[in-house]
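Note that the numbering runs from 1 along the sequence shown for the chain.
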Amino acid sequence: MRKIIALLAAVTVLGMLFAGSFLGALHKPEPHGVPVAVVAPEPVTRHLRTALDQRGPGAFELSGYPSEQAARQALLDRDVEAVLLPQEGRLVVASAGGRTAATVVTQVFQSAAQAQGRSLAVEDAVPLPPGDPGGISGLFYVLSLVIPGIALAVLLSRLAPGLGLAARLGVLAAGSLAAGTANAWLADVVLGALPGAFGGLVAVSSGITLTVALVAAGLMKVVGPGGVGLAALLFIPIGLPAGGGPLGARFIPEWYAAIGQFLPIGPGAAAVTNVVHFDGATLARPLAVLGGWALLGLVLLALPARRPVGRDVREVRDAFAAR
């Protein structure tokens, strides 16, 4: 009876963890620190900054740029989410970088312009592809890489438990490349959801899958079978919402976003977006995070295997029996 009660309690806590993490992060999106380039004299930028801070302190970070060309380049480099040209009545966004950010920025600045009796024309410099008009494919695509990574580590440990380190790494790398290539083919060629950069998408996808597989395999070696559950909890109910989910990291609680930038899911999703839609801009940080987690998994795999407690007890008992 105690085991049944413990099982029910564990399932309840697990459900609460999922609900608390996802709903806590995504139920009330509010912008914080959304960077916007402003092409205007400094007094105009300062006035806009003051007006926006009165409406929502810290929601936007306005930075002055000397020319439209420089501001547009910052948009393409993922340094800002939008470019505002107030004196020309224009706003430039990039919905492929985040539909939520583009929508919120458009609503806020159009509302401010209307309050002054002005109109604001909006240009989408990097629109979402026709195969992903809602802008949510990237999130679920990363999830489709996480699950095979965990499954690869689990199945390999079951099918070949005595495999050496080098051979295990080779199988994990080959499996990750196969999964990454297949998923990229579906997302790009078949569905058109993440089109136009098949080679880069294969590379990033394989890297994400391999990172997850290495961490899962390393945790299982050090912790035991429970390591796969730990990896799944870390990457799915924590990693996905902490990475911003479908909203983006700038629209979830700041403390959660701060955690998410050091977990592989959010940076992995950013790498996919930047490779597919922005010609590989700003990949250094996402790849550094993924590389750090992959290195951690590799170190865990290189540690001595965990010895089952039952085996230790049997060895001690046999030693006493031999005396």
Does one side chain, of Asn183 or Ser144, offer a donor that lies under 3.5 Å from an acceptor on the other? yes
State whether Glu123 and Arg72 are salt-bridged, where the test is any N-O pair (Lys NZ or Arg NE/NH1/NH2 against Asp/Glu carboxylate O) under 4.0 Å. yes
Evaluate Phe60 against Val105 for side-chain contact (heavy atoms from CB on, under 4.5 Å), listing each step before the verdict. CA-CA 9 Å; Phe60 298 92; Val105 169; 3.8 Å; yes
Counting N and O atoms only, with roles assigned by atom type, does the side chain of Thr273 sit under 3.5 Å from a partner on the main chain of Ala269, one being a donor and the other an acceptor? yes
Identify the two heavy atoms, one from Ala242 and one from Ile252, that lie closest to each other, and give their separation to 0.1 Å. O-CD1, 3.5 Å
How long is the straight-line distance from CG of Leu84 back to OH of Tyr65, given to the nearest 0.5 Å? 13.0 Å
Is the shortest heavy-atom distance from the side chain of Val202 to the side chain of Asp188 under 4.5 Å? no
Nearest heavy atoms of Pro86 and Arg118, plus distance in Å: O-NH1, 4.2 Å
Value rounded to 0.5 Å, distance of CG in Leu169 from CG in Leu298: 5.5 Å
Does Ala102 offer a backbone N or O that forms a donor-acceptor pair with the side chain of Ser95 under 3.5 Å? no
To the closest 0.5 Å, what do you measure between CG (Leu210) and CD1 (Ile208)? 11.0 Å
Would you say Phe109 ends up clustered with Val122 if hydrophobic residues are merged whenever their side chains have heavy atoms under 4.5 Å apart, either directly or through other cluster members? yes
Gap between atom CG of Leu159 and atom CG of Leu163 - 0.5 Å precision: 10.5 Å
Donor-acceptor pair, side chain of Arg99 and main chain of Ile136, under 3.5 angstrom: no
Judged by atom type as modelled, is there a donor-acceptor pair below 3.5 Å linking the side chain of His32 to the main-chain atoms of Ala249? yes
Ignoring hydrogens, what is the shortest heavy-atom contact between Glu81 and Ala101? Give both atom names and the distance. OE1-CB, 3.7 Å
How long is the span from the CG atom in Leu295 to the CG atom in Leu300, to the nearest 0.5 Å? 9.5 Å
Should Leu219 and Val228 be marked as a side-chain contact (heavy atoms from CB on, under 4.5 Å) after you check the CA-CA gap, both sets of side-chain angles, and the distance that decides it? CA-CA 7 Å; Leu219 287 174; Val228 63; over 6 Å; no
Hey, mind stepping through Val212 and Leu145 against side-chain contact (heavy atoms from CB on, under 4.5 Å) and telling me if it holds? CA-CA 8 Å; Val212 173; Leu145 300 172; over 6 Å; no
With side-chain contact (heavy atoms from CB on, under 4.5 Å) as the test, would you mind laying out the steps for Leu240 and Phe140 before giving the verdict? CA-CA 10 Å; Leu240 279 176; Phe140 293 103; over 6 Å; no
Can you check whether Val154's main-chain N or O pairs, donor with acceptor, with Ser157's side chain at less than 3.5 Å? yes
Any idea which heavy atoms bring Ala213 and Ala153 closest together, and the distance? O-CB, 3.5 Å
Residues Leu263 and Gly239: closest non-hydrogen pair is CD1-CA, 3.9 Å
Looking at Val34, is its backbone amide N or carbonyl O close enough to the side chain of Arg250 to form a donor-acceptor pair, meaning the two atoms are under 3.5 Å apart? no
Assess the side chains of Asn274 and Thr282: does a donor N or O sit below 3.5 Å from an acceptor N or O? no
So CD1 of Ile150 and CD1 of Ile236: to nearest 0.5 Å the spacing works out to 5.0 Å
Donor-acceptor check, side chain of Trp293 to backbone of Phe262, threshold 3.5 angstrom: yes or no? yes
Among Leu91, Leu52, Val36, side chain to side chain contact (heavy atoms under 4.5 Å, CB included) partner for Val108: Leu52
